Undergrad: 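Just dropping this structure here.
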Number of protein chains: 2
Amino acid sequence: MGNPTIYDVARTAGVGVGTVSRVLNNSTRVSPETQEKVMSAIWALGYRRSKVARQLSTGIQHRNIGAIMPYITPPSFVERLRGIQMALSHQDNDFNLILYTVSEPDRQREQLLTIIDQSTVDGLLITALNISDEERSLLTQAGIPFVLLSDECNGENNCISPDNIQGGALATQHLLQLGHRRVAYVGDAFPNNYGIPTSELRYQGYLSALESYGIAFNSNYVALGVHGEEAAYTLTQALLNLPEPPTAIFAMSDIQAVGCIQAIRAAGLRVPEDISVIGFDDVQLSRYVGLTTIRQHLEQSGYMGMQTLLEMLNTPDQVLPRQLPPLELIVRGTTQPFNPVQGAG
Amino acid sequence: MGNPTIYDVARTAGVGVGTVSRVLNNSTRVSPETQEKVMSAIWALGYRRSKVARQLSTGIQHRNIGAIMPYITPPSFVERLRGIQMALSHQDNDFNLILYTVSEPDRQREQLLTIIDQSTVDGLLITALNISDEERSLLTQAGIPFVLLSDECNGENNCISPDNIQGGALATQHLLQLGHRRVAYVGDAFPNNYGIPTSELRYQGYLSALESYGIAFNSNYVALGVHGEEAAYTLTQALLNLPEPPTAIFAMSDIQAVGCIQAIRAAGLRVPEDISVIGFDDVQLSRYVGLTTIRQHLEQSGYMGMQTLLEMLNTPDQVLPRQLPPLELIVRGTTQPFNPVQGAG
DNA sequence: CTGTTAGCGCGTTCAG
DNA sequence: CTGAACGCGCTAACAG
């Protein structure tokens, strides 16, 4: 049933396995004619040599590090990927980077099991995924060190995350300080499919900032939907149609902020003259768009995550817990002080 | 010298290897106390079981596909990655995706050799890299199928590329049709470090378009430098200081076009009122910036590349050569007809 | 130049 | 419940 082996090749070529191995490895010590016989046998049988057997025999150990995340191409993941990549190349380990994407939330467990079962990786970097206690112990049991790039850590030292609540507060405070009072929140509906509480945490920050400024909470100003530019666009349209539309919007991510801005412009209004918009993340795009936002050092978090994982693999004894630099308000061109004239909406 | 094996563990635990294997695999049929003995032996020796041996023994074959490219995070690579990823998940193969980045051009050969030598991958997708004849035959000899995502194919059917010359002509023609006569080219100095002729090809297109419109070539309007936004910015500044500055710029990539635009604005001029700018690639960013550009279907090229590689791996008999859809002019907001008033520069 | 044989480290029988 | 022996597919060392 299985694929043909060197023994099969040797037999049909009428030679010994050693010879086959030799031609496979370009050992020059083979006569041209036997070489030819072997080659044709290989071709006839469709033989392909087994990676694993070869590796076991040669003793060559190539180590793999897996990085698993829901997506790889949205800006915020690209940034982290860059950091991951940098950490990997900086300490020129000979680690291979294997990328896994969790195509559907339901399949996360299954994928993790496969990874563990096939023992494909020596370490795992888990990004923006919610790992159950069972999954954790499975990983530990299998002896696979892992670190979490998460949105909420409970004091674990193999976990790195920004302070999303504080970030949400920071963004909202900026708007409030500018004099805005009708401040909306545009974010993902929570809990989302992957069980990540990002939106909820930033929303909590929004709430607390409102409270510390003594501003009454208005549920009409909370617009939740699926993640992405399009949804943010639609959500914003609804916001603009309110009897008293907001004069400022805090979008939980830069990409959603862009959606908000486009909706505002499509409605014939200007940013920031008529409505201020602040995002979150500070992905590369935001620089080009001139978006005011909260920088959460995504690239660095990827870097640190990979760095600690490498430590866990190389010197398991002492891994130092790392901490991200504090969140930063980056003021660019999409927010400005509240102007009493505005709000004619 | 090597790492401890189950034999070592068995010996120090005073049991047989079979028992060790059982506790390693959660076989419940082990008495709690021997289990305990084994565990502590494992811990004491710092034992970690060998992936390869396990795989060889269980017969589990996990196949790896490698994707190698100079970088992974610039927009044009992200787009291709998305396509690669999609192709991989669409036909739910159980292939792992291993990402390699060629940190330095000089190390490309070395990295390829390592990949071949360690027989890490079953197939290789080579993106934006110049592969020598020797490297090709090394790959072939090792039985590793590969496909090229390149910028110039010589009729090979394991190679996918856009028609860069035609694209360059397309972009330039657009500017010319709008009435511009002083048209500049901003691109990478060629040949670049990785030996990729992209810039040169698009430049050829630029030249041919100029010629077909009977416009004299002016070397002052050709600005070449390292790739990236910053360099394009500087290059553009020089262009603007010319006695007769260009009224339109063709930048060989979107990211460079963005650099041009920023330089123009920094000089107090407007795009497109004072100077028109067209890019190349149509990466996601361009949509947000409203950049006129040439769409080269990057995502689709990644998809097609992975698709044909999978075919080569699964049904080596017949792989159909694929062809990218034609390049497309995408007119957005950064180009407009030449206005005789402009050029006061 | 070539056939034979002994491991590589682990899982899994098969007897105890 | 546990220990011993075999085999996974290949490489390398050793005789011819």
Side-chain angles (χ1 to χ4, degrees), chain A residues 1-39 41-42 45-63 116-120 122 141-144, chain B residues 1-39 41-42 45-63 116-120 122 141-144:
Chain A
M1 39 139 266
N3 296 321
T5 75
I6 30 172
Y7 283 95
D8 300 319
V9 175
R11 197 179 316 121
T12 76
V15 300
V17 290
T19 307
V20 177
S21 179
R22 265 166 230 132
V23 336
L24 249 27
N25 297 303
N26 299 320
S27 201
T28 48
R29 314 182 170 289
V30 180
S31 80
E33 56 179 29
T34 40
Q35 170 129 0
E36 181 51 40
K37 280 196 300 187
V38 172
M39 288 304 274
I42 287 180
L45 272 61
Y47 166 81
R48 305 199 52 189
R49 81 170 155 202
S50 150
K51 281 200 308 281
V52 269
R54 178 167 211 269
Q55 282 167 169
L56 180 58
S57 180
T58 56
I60 294 179
Q61 292 280 6
H62 62 184
R63 328 207 76 170
I116 294 174
D117 224 58
Q118 301 192 165
S119 60
T120 352
D122 301 285
Q141 218 166 90
I144 300 179
Chain B
M1 43 139 266
N3 297 320
T5 75
I6 31 173
Y7 282 95
D8 301 318
V9 175
R11 196 178 318 119
T12 76
V15 300
V17 290
T19 307
V20 178
S21 178
R22 265 165 231 132
V23 336
L24 249 28
N25 297 301
N26 299 321
S27 201
T28 47
R29 315 183 170 289
V30 179
S31 78
E33 56 178 30
T34 41
Q35 170 129 359
E36 181 51 39
K37 281 195 300 186
V38 173
M39 288 305 274
I42 288 180
L45 271 60
Y47 166 81
R48 304 198 53 188
R49 79 173 156 200
S50 150
K51 281 201 308 281
V52 270
R54 178 166 212 269
Q55 282 167 170
L56 180 57
S57 180
T58 56
I60 293 178
Q61 292 280 6
H62 63 184
R63 329 207 75 169
I116 293 173
D117 223 58
Q118 300 193 168
S119 60
T120 351
D122 302 285
Q141 217 167 91
I144 300 180

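Order of the sequence lines fixes the chain letters, A, B, ..., with proteins taken first and strands second; residue numbering starts at 1 for each chain. Quick caveat, the model's predicted, so the values are computed rather than measured.
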Undergrad: Verify, without hydrogens or angle tests, whether T58(A) (side chain) and R54(A) (backbone) share a donor-acceptor contact under 3.5 angstrom.
TA: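 Yes: the side chain of T58(A) pairs with the backbone of R54(A).
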Undergrad: Find the distance between CG (N3(A)) and CZ (R48(A)) and round it off to the nearest 0.5 Å.
TA: 9.0 Å
Undergrad: What is the separation between atom CZ on R22(B) and atom C1' on dC1(D), rounded to the nearest whole Å?
TA: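 Taking atom C1' of dC1(D) as the reference, CZ of R22(B) is at 8 Å.
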Undergrad: Could you tell me how far apart I42(B) (CD1) and dG9(C) (P) are, to the nearest whole angstrom?
TA: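 About 16 Å, once rounded to whole Å.
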Undergrad: Enumerate the residues from residues 9-19 of chain A whose closest heavy atom to DNA chain D is under 4.0 Å, giving them by residue number; use none for an empty result.
TA: G18(A)
Undergrad: Within the pair S21(B) and dT12(C), is there a side-chain N or O less than 4.0 Å away from OP1 or OP2?
TA: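 Negative; the distance criterion is not met.
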Undergrad: From M39(B) CE over to T34(B) OG1, what is the distance, rounded to the nearest 0.5 angstrom?
TA: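 The OG1 atom of T34(B) is 12.0 Å from CE of M39(B), to the nearest 0.5 Å.
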Undergrad: Kindly give the heavy-atom pair with the smallest separation between V15(A) and V20(A), and that separation in Å.
TA: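 Nearest heavy atoms, V15(A) then V20(A): CG2-CG2, 3.9 Å.
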Undergrad: Compare every heavy atom of T5(A) with every heavy atom of Y47(A), then report the nearest pair and how far apart it is.
TA: CE1-C, 3.6 Å
Undergrad: Looking at T12(A) and A41(A), what are the two nearest heavy atoms and their distance?
TA: OG1-CB, 3.3 Å
Undergrad: Roughly how far, to the nearest 0.5 Å, is the CG atom of D122(B) from the NZ atom of K51(A)?
TA: 3.5 Å
Undergrad: For T120(A), what residues pass the side chain to side chain contact (heavy atoms under 4.5 Å, CB included) criterion, not counting sequence neighbours?
TA: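 T120(A) satisfies side chain to side chain contact (heavy atoms under 4.5 Å, CB included) with Y100(A), I115(A), Q118(A), H62(B), N96(B) once adjacent residues are dropped.
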Undergrad: Phosphate oxygens OP1/OP2 of dG9(C): is one of them under 4.0 Å from a side-chain N or O of S57(B)?
TA: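 No.
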Undergrad: Considering non-hydrogen atoms only, spot the tightest contact between P4(A) and L45(A) and give its length.
TA: CG-O, 3.6 Å
Undergrad: Going by salt bridge (Lys or Arg N to Asp or Glu O under 4.0 Å), name the residues that satisfy it together with K37(B), two or more places apart in sequence or in a different chain.
TA: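 Counting only residues at least two positions away or on another chain, K37(B) forms no salt bridge (Lys or Arg N to Asp or Glu O under 4.0 Å).
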Undergrad: Over the length of the helix from dC1(C)-dG16(D) to dG16(C)-dC1(D), how much do the five-pair end axes diverge, rounded to 10 degrees?
TA: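 So the angle between the two local helix axes works out to 40°.
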Undergrad: Is there a residue in residues 48-56 of chain B whose heavy atoms reach under 4.0 Å of DNA chain C, and which residues are they?
TA: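 Close to the strand are R49(B), S50(B), A53(B), R54(B).
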Undergrad: Specify the separation, in whole Å, of atom OH of Y47(A) and atom C1' of dG9(D).
TA: 7 Å
Undergrad: Would you mind reading off the distance between I6(A) atom CD1 and dC8(C) atom C1', rounded to a whole angstrom?
TA: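 In whole Å, dC8(C) C1' and I6(A) CD1 are 13 Å from each other.
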Undergrad: What pairs with R11(A) under salt bridge (Lys or Arg N to Asp or Glu O under 4.0 Å), at least two apart in sequence or on another chain?
TA: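 R11(A) satisfies salt bridge (Lys or Arg N to Asp or Glu O under 4.0 Å) with D8(A) only.
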Undergrad: L24(B) has an atom CG; how far is it from atom P of dG9(C), in whole Å?
TA: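 These atoms are roughly 15 Å apart.
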Undergrad: Are S31(B) and dT2(D) close enough that a side-chain N or O sits under 4.0 Å from OP1 or OP2?
TA: yes
Undergrad: Could you check how far CG of D117(A) sits from C1' of dC10(C), rounded to whole Å?
TA: 15 Å
Undergrad: Taking atom C1' of dG9(C) as reference, at what distance in whole Å does atom OH of Y7(B) sit?
TA: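 After rounding, the gap between these two atoms is 8 Å.
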